[in-house]
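Just so you know, ligand 1 is whichever comes first in the structure, and atom 1 is the first atom listed for that ligand. What you are looking at is a predicted structure, and each value in this text was computed from that prediction instead of being measured.
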Amino acid sequence: MKTLVIGKGGREHAIVKALSLSPSVSEVHVIPGSQGMAREALCHNISTSDDKAICEFVSQKEMDLVVIGPEAELAAGLADSLRSAGVLVFGPGSDAAQLEASKVFSKEFMNRAGIPTAKSIVVTSVKDIADHLSEWPPPYVLKADGLASGKGVFICSNQDELLCAARQLFEERSLGHAGLKALLEQSLEGWELSCLCITNGKDYQELALAQDHKRLKEKDEGPNTGGMGVVAPMDIDPLLHEQIRKTILDPTMKTISSMGMMFRGVIYVGLMITKDGPQVLEYNVRFGDPEAQVILPLIDGDVGEIMMSVARGDVPELHWKSLYSACVVLAAEGYPEKPVQDVAIEGDLFAETGSSYFLHAGTKGDGDGRWLTGGGRVLNAIGLGSSLREARENAYQQAKAVSWPGMQIRKDIGNRVSREGPLEVI
Ligand code: AMP
Ligand code: GLY
């Protein structure tokens, strides 16, 4: 079959790679893609917000399946436009995408379904927050309602920080429209887990559990980022796993189904495992980035066929390799606030072994054979192994193949979950 992927980052490179390794897939195209993935797919310079041009391309090239990677295109209704044109799509409609695109909608959904989540109130001004301060103990969590590329959540340890974040959102309008409404949310303590499922809007199959590392620095210090590294699968207590299914996944799917949402794709449930049990931090309506990078290579089967099956409305049973995987993010200097671009990358960006390789998240060629930084998260070093320790060692070994001035890398990816002790790296 002929497949088209929408997007250009590390997650989309992981999808492209998985499709290119699928026996059922004859062609992999990407809009817009990147030079870093051009060895595995044909990239096309079409705007991802131009639904008409994308529909025309799909019809002309007779694509069989479209896989939409990023949330913005899903929220904007690209899957709906393609489905209206009779195209099979892996990715939910804009109705279901509200679960990610509006934190207020998502919280109302969870409350309606009785899903455990932090208590919250909707706020629209600094005064709103000042009026409620006495009812809330610190630390405070303030979440912009709309899509903000990972920049919409403020964790504030005291009232001054909270009021400063509120002024940024409501008065300076730092996130524009996305931050005109927000949730003031109770802070939860515990450890985080990413639980992704493929779904047809009614039935679901869980993907390998993963753990992302959101903070920029080791020991979970520094600002929140899109994710600095991830490991999978996470072996968790079977009783906790059952509790996640019963109290979170089952009611989530039941409510999606009862609301009649068009959801054929992957739902990502971000969890905080607290001493009172698992609670939902957020829903995403697409593969995580970098979760996709570690989950997809663990699937034992034809990823193209699986995605096609979901696009048709079925949920196939999944089989897993008995492997572990790790992804270490190599980020640009200044990430996440202001990544420094156009810095020359030394080394071999296409180095690979049987158990490690790079995925390109934000690289660009300069036309003369040199590679430059072209985004915040630049490269993902992926390692596979028969233990988590081996997977992490392979990922860190891979990371050594490149370097550039100011490169940022967390050296403790997977340490917390590893029962095998911390790794000495680099
Ligand atoms: P979200 O986009 O809602 O998942 O938030 C991004 C990150 O902020 C999460 O992965 C957590 O690390 C943190 N976070 C979000 N909500 C809370 C909360 N209620 N309590 C503690 N940390 C939170
Ligand atoms: N890894 C976090 C996300 O994709 O939202």
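- With a 4.0 Å cut-off on non-hydrogen atoms, Asp212 does not touch ligand 1 at all.
- The shortest heavy-atom distance from Arg11 to ligand 2 is not under 4.0 Å.
- Heavy atoms of Lys103 approach ligand 1 to within less than 4.0 angstrom.
- Each of the atoms 9 (C), 10 (O), 11 (C), 12 (O) of ligand 1 lies under 4.0 Å from some heavy atom of Glu192.
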As a quick check of understanding, evaluate side-chain hydrogen bond (donor to acceptor under 3.5 Å, both in side chains) for Asp289 and Gln293, giving each step before the final call. CA-CA 7 Å; Asp289 187 346; Gln293 287 87 314; 2.8 Å; yes

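- Residues Asp342 and Lys364 are in side-chain contact: their nearest non-hydrogen atoms beyond the backbone lie under 4.5 Å apart.
- Side-chain contact between Leu180 and Asp145 is absent, with no heavy-atom pair separated by less than 4.5 Å.
- Set against the non-hydrogen atoms of Asn224, the atoms of ligand 1 under 4.0 Å away are 7 (C), 8 (O).
- With a heavy-atom cut-off of 4.0 Å, Val141 touches ligand 1 through its side chain alone.
- Residue Gly227 places every heavy atom at 4.0 Å or more from ligand 2.
- Distances from ligand 2 to the non-hydrogen atoms of Pro290 include at least one value under 4.0 Å.
- The shortest separation from a heavy atom of Gly270 to ligand 1 is not under 4.0 Å, leaving the residue out of contact.
- Less than 4.0 angstrom separates some heavy atom of Gln186 from each of these atoms of ligand 1: 18 (C), 19 (N).
- Short contacts between ligand 1 and Lys143, defined as distances under 4.0 Å to a heavy atom of the residue, involve ligand atoms 3 (O), 15 (C), 16 (N).
- Not a single heavy atom of Phe287 sits closer than 4.0 Å to an atom of ligand 2.
- If you check which protein heavy atom lies closest to atom 14 (N) of ligand 1, you get Ile155 CD1, 3.8 Å.
- Within the 4.0 Å heavy-atom criterion, both parts of Leu188, backbone and side chain, lie near ligand 1.
- The shortest N or O to N or O distance between Asp289 and ligand 2 is under 3.5 Å.
- Comparing heavy-atom distances from atom 5 (O) of ligand 2 across Arg286, Glu282, Gln293 singles out Arg286 as nearest.
- Any N or O atom pair closer than 3.5 Å counts here, and Asp212 shares at least one such pair with ligand 2.
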